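Take a look at the structure below.
All chains are named by letter (A, B, ...) in the order of the sequence lines, taking the proteins before the strands, and each is independently numbered beginning at 1. Note that the structure is a prediction, hence the values are computed from the model and not measured.
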Amino acid sequence: MTVRMGFVIITSRCIDCDACMVACRSENDVPLGHTRNWVKSSGVQGQFPRVSEMFQPGNCMHCDNPPCVSVCPTGASQKRSDGIVIVEDKKCIGCKYCLTACPYDARFSNSETGKADKCTLCLHRLEQGLEPACVQTCLGKSRQAGDLNDPSSVVSRLIAQYPTRILLKEVGTGPNIYYIDEAVPDIPDGK
Amino acid sequence: MSKVYTWDQLFSRRQFIKGSVAAGVLGTAAGIGLFRPESNLGQGKSDQAAVKGTKLVTTICEQCVWRCGVIARVEDGVVKMLEGNPDHPNNLGKLCPRGNAGIETLYSPDRIKFPLIRAGARGSGLWRRASWDEALSYTAEQMKKIKDKYGAKAMMFNSTDNLSQPFFEILLKAYGTPNYGTQRSLCFNSMTTGFLYTYGTPQPGTDFSKCKYMIFTGRNLAEGISNSETQEMIEMVARGVKVVVLDPRFSKTASKATEWLPVRPGTDSAFFLAMINVIIKEKLYNEAFVNQYTQGFEDLVTEVKDYTPEWAEKKCEIPATAIRRIALDFAEAAPAAIAHPNWRTSNFVNSFQTERAIAVLNALMGNWAQPGGLIPDQELSTLKLGVLSHPAFPIAQGIRLDGVPWQYPMVPLAYGVIQTMRDNILTGKPYEAKGWLISRQNPVLSIPERQKTINALMKLDFVAVIDIQASDTAYYADVILPESYYLERFDGLIPIKNKIFIRQPVVEPLYDTKSSLMIYKELADKLGLGEFLPFKDEKDLLSQQLKPFAVDLEELQRVGHYEMEDFQEDHSKDFEFQTSSGKIEISSGIMAQMGKKAVPTWNEPPRPEKDQYYLLTGKTAQHTQMFTQNNRWLLEVFPENRAWLHTSVAAKIGVKMNDNVVLESEVGKVSVKAYVTEGIRPDCIFMVGGFGHVSKGLKAAYGLGASDSALHKTITDPISGGSALSETFVTVSKA
Amino acid sequence: MELTWGLMIVIYLFTAGLSAGAMITSNLAFLYGGQEFERVSRWGAYLSPFPISLGLGLLVLDLGSPFNFYQLFLTLELSSPMSYGSWIILFFTLLSFGYLYLWLPQAYQKVGQTLQLERWKKRLAMLMPFLSIAVASYTGLLLNAAVRPIWDAPLLPILFLISALSTGVAAVIMISNLSPWKRARHKELHVLTKADAGLIILECLIILIMIVMGRSSSASESMAFSSLLVGNYVWVFWLLIVGLGLIIPLFMELMELKGKIPVKWVWPVTISSSFLVLFGGFFVRYVITYAGQTNSWF
Ligand code: SF4
Ligand code: SF4
Ligand code: SF4
């Protein structure tokens, strides 16, 4: 079976520390003023003293039908056979069309390179057998990455065990970040 | 006459580009010979510039005081990435945002790049470059002059928790001053003294892994990150453990908890006394444990008789039913239950009593040395490093400026009361202080009443600061001795249980800086005190520390840690309490001796007047105290502090999110943006500490947010010496 | 909120439409009007190449890697409107310059023989309307493909096409009226004005349908459209577009057609109404480009 890389993010385990954001900046030389990943807060909901707040980390969803790829006029934005969506800098002209096409605002224009920039799923780390930087550092083990097609991967096991949701399903991009809001006491083993 | 520089000239505004350190830090106009050739700046010394390829170096983080293990990836001599060391128990392979951002501090254009001597009035921001020899000689000369003229006591030494602190302490003892200031009284004095006077140990550990019921009252692990403990907290929450958070503000920890109780500030002890009341009345305490290991139970029974949940509800505004329920559930879970010792609860004068009540509550339930309970002092079962052999210290002459023990007889000597030290510089009582040597501490922003601290600095004859950056205190110094950043230096070794860890240079120093070890050592030499710090260089010192172990420094450097095999944890002393009675003192012998109520009791805290609000301060996960605000990677994720206002308060004064508000206390006034939320009691205003820097040498952080120290009144708990920060009340208005 | 596509792109969308509109105006006037409409045909031909060239220039400047521009023409990505659009625009622009050449006074036509040139003029005039329609509606397809609220409105290409025609006609009216040389004749203007009024009415209808469709669609879509009607863009939409850009010029044109304008006022009214149409056309692009970005899915 083919590889389909993606993430599982367990919101109940995220404390909004933003270690993932700093780690990504460091690993990928993300220039100041932009970020490849984020942690969004629901804001404090409800009325004092009955309030709640939820944190939702995210980054490029490495969509199944990525509009960012289909609109790219030069073929710089590509979906690899392992599902990872990347930008080939050499071909990118910096038209920013893909930025507008991504419904998750996962892309930015890198002012240093003049190219569209986004999460690469830390491809260069995967190639060395390492976890993505954001996953590696996550204090809450909230961020998990792996092969969604491999039933023995952490991500597949989590998806099999817990109810999940995806963002903006109706837009039809087929995002590959699966969110779990329930408490997850144990992170299963797996690649 | 050498050239005089302003801060603006000293630090460029260039953007930091990792791997190619902004060149020409001083600008070419500023002078010749100030810098190494540009090509060397990014790569450190020439031998290192030659290093091609990638290497991994193991070291210990210093973005806060938790000491996480770090593995640094160095590519062609440039630090590219820091990752957590999976072998390190303090972080289990993970780094928090601050740890991840270490590289930005290393390559920050705002680093102090060579020793500086003041070239204008103090605080004018005019400096000249000095050689190390000149700067150290000048510092030593001034220190000698003060000692000769006024005695060693006129010289104060300050430092905060860090790996080389023991050697700073040697230096000050060798110099012979009784005046040593640490951060402790601004931080955790009430917790440590509370537990010390109960269990004989200041800071017991906590077994989160088996704990079934947790109460936090001033430990906000999601925002005050202590890496491994924060991870344990998250796991605990994920397991569905009951976690109760008492906090007037809806912290991120509270958002993860099963129950948030917005307690009225300063009344936590009413909550705990009522829990004790219920537990005694319902006979839920662990009788066997109480009989065997504690003393003073009967006095407690009498004391808490009237502290019913209904009584407490009136004080702390937590419903009596909730208090009763929590008491019953807590007792049910014991001994796998913890009322957490917390951290910075020293926010009211009565916080000592809060901590005592917490300590006693745990004792009543026998939550001691049991799975899921408090863990006896871990220090006892930790490897012991080799020590330097040096002559006996001179006996320090004179009483301490911080009032310990003559004004504060109960404050443990090691903790001190730094805010009183500052006050006594100003009063000149009991004697005049003349000089201050401050190593990596920033009293200007940490001690209440910032203006007073600045005035104190202005009054002194001599101020020297050792730091990696131009802190607000360094801004008012006469000499700045630039310390290498942690990625460029050695520090003292650190044993944790059965392992010894090392901080070591990941790259050679980028600039003309030194490790604090060598600064202390060379300063001692210049003072004629060299024999007290008898080592050649850092490696020599660390080798001496390693002497008792079957490992040499090279091996330790390569592996990053040394693990003692067949090491046995020593639990024989778990139930030997270092108190005067040898038991857990529900009724404190020392308190009784001092003629105070010996069992935990209720002291009514002050309340704000009409139109005043409690001013609360606390932490954010993205910054460390007042140390990291200049780090631009961290500013990306937390750009400035804001004043948390309850929606109703904001509506009353006509303020919307991010509008500016003016906060005013008896001692100061600041303007800061508003954060309007339902997540705070309507009688409180909260702000994260550490912003509002006054040093223009902190280019990125200067002018961001506001400082709580500008508002805080100086109020000290006479028992623990803790600074009662939250007894400051403020008014708020639209800016 | 930071905008990915700013004014440069708005200008590009506007100028591309304008050029296409002017081109069609010229072509049709030439093909169906013959000698009688010689002046407007000529002015359309003279005008057409320039706005789009300016737009293209700005577009390249707006690129993050302008020197990588040629990458566009090393491939044809059929899923990307920008890719095929760039090819279309390339041909359009080149041919529009050719068409302009064919309309130059003989003295300036240094290459080619008059007879042949005349034949080519006709051929081009028959081809260019198709290219023009492609260019004008491509600007709508461009936004369509980036699936965002408002941008994904199915009528957007039609709206942009109609607006392009209307601005093109208005631009030709304006230029041929302003010029001291070869100034358009009354009859020519009358027909053009009639056409323009028709287009404006059509445009109003399309906008109305778009809004109705948008409001009855998903919540995100509906929210986005309300930002035009009552939200952030309420002034731009009602005042600049509906008021100044559509209703007032339409009114003026209708008055003109009915001959209700006193003779000495005709000229200024014609100029102002065509200017207002251009103005409105610009803000149509503006509002859609911006509102599509400041609104997103939720
Ligand atoms: S999240 Fe955005 S950038 Fe990532 S694949 Fe999907 S559409 Fe493309
Ligand atoms: S996978 Fe890598 S590139 Fe993507 S968000 Fe995480 S750290 Fe950034
Ligand atoms: S590192 Fe993990 S816990 Fe921290 S903010 Fe990111 S996802 Fe949340």
Would you compute the distance between atom CG of B:Asn100 and atom CG of A:Asp18 and round it to the nearest 0.5 angstrom? 11.0 Å
Of the non-hydrogen atoms in A:Ser26 and B:Trp633, which two are nearest, and what is the gap between them? CB-CZ3, 3.4 Å
Taking the side chain as C-beta and beyond, is there a heavy-atom pair between A:Phe48 and B:Thr647 under 4.5 Å? no
Given B:Arg239, B:Lys252, B:His646, the one with more heavy-atom pairs under 4.5 angstrom with chain A than any other is B:Lys252
Let me confirm one number: the CZ-CG distance from B:Phe638 to A:Asp16, rounded to the nearest 0.5 Å. 10.5 Å
In terms of heavy-atom contacts, does CD of A:Gln47 have more than 12 from other residues, nucleotides or ligands at under 6.0 Å? no
Are side-chain heavy atoms of A:His34 and B:Glu636 found at a separation under 4.5 Å? no
For A:Thr11, which atoms come within 4.5 Å of any heavy atom of chain B: side chain, backbone, both, or neither? backbone
Are more than 12 heavy atoms from other residues, nucleotides or ligands located less than 6.0 Å from atom CG of A:Asp189? no
Side chain, backbone, both or neither: which part of B:Asn227 has a heavy atom under 4.5 Å from chain A? side chain
Heavy atoms only, distances under 4.5 angstrom: which of A:Pro31, A:Gly46, A:Ala23 has the most pairs with chain B? Name it, please. A:Ala23
Distance, nearest 0.5 Å, that separates CD1 of B:Ile234 from NZ of A:Lys141: 9.0 Å
Based on non-hydrogen pairs under 4.5 Å, which of B:Met236, B:Glu223, B:Gln231 is most in contact with chain A? B:Gln231
Residue, of B:Leu82, B:Leu634, B:Ile680, B:Thr230, that accumulates the most heavy atom pairs under 4.5 Å with chain A: B:Ile680
In terms of heavy-atom proximity below 4.5 Å to chain A, should B:Leu95 be classed as side chain, backbone, both, or neither? both
When rounded to the nearest 0.5 angstrom, what is the spacing between CE in B:Met81 and CD in A:Glu27? 4.5 Å
Where does B:Arg73 contact chain A at under 4.5 Å (heavy atoms): side chain, backbone, both or neither? side chain
Measuring from atom NZ of B:Lys256 to atom CE of A:Met54, what distance do you get when rounded to the nearest 0.5 angstrom? 8.5 Å
Taking every heavy-atom pair that is under 4.5 Å apart, which of B:Arg681, B:Glu678, B:Met233 has the most such pairs with chain A? B:Glu678
Side chain, backbone, both or neither: which part of B:Leu261 has a heavy atom under 4.5 Å from chain A? neither
Under 4.5 Å to a heavy atom of chain B? For A:Val184 that would be backbone
side-chain contact (heavy atoms from CB on, under 4.5 Å) for A:Phe55 and B:Ser255? Distances and angles first, verdict last. CA-CA 10 Å; A:Phe55 307 109; B:Ser255 79; 3.6 Å; yes
Heavy-atom pairs under 4.5 Å with chain B are the metric here; pick the option from A:Gln45, A:Arg125, A:Glu182 that has the most. A:Arg125
Hey, could you give me the CD/NZ distance between A:Gln136 and B:Lys94, rounded to the nearest 0.5 Å? 6.0 Å
Name the member of A:Ala183, A:Gly43, A:Ser41, A:Pro49 that forms the most heavy-atom pairs with chain B at distances under 4.5 Å. A:Pro49
For A:Lys79, does the NZ atom sit with more than 12 other heavy atoms under 6.0 Å from it, leaving out its own atoms? yes
Shortest non-hydrogen contact from A:Leu139 to B:Cys96? CD1-CB, 4.2 Å
If I compare all heavy atoms of A:Val44 with all of B:Tyr675, which pair ends up nearest, and what's the gap? CG2-OH, 4.2 Å
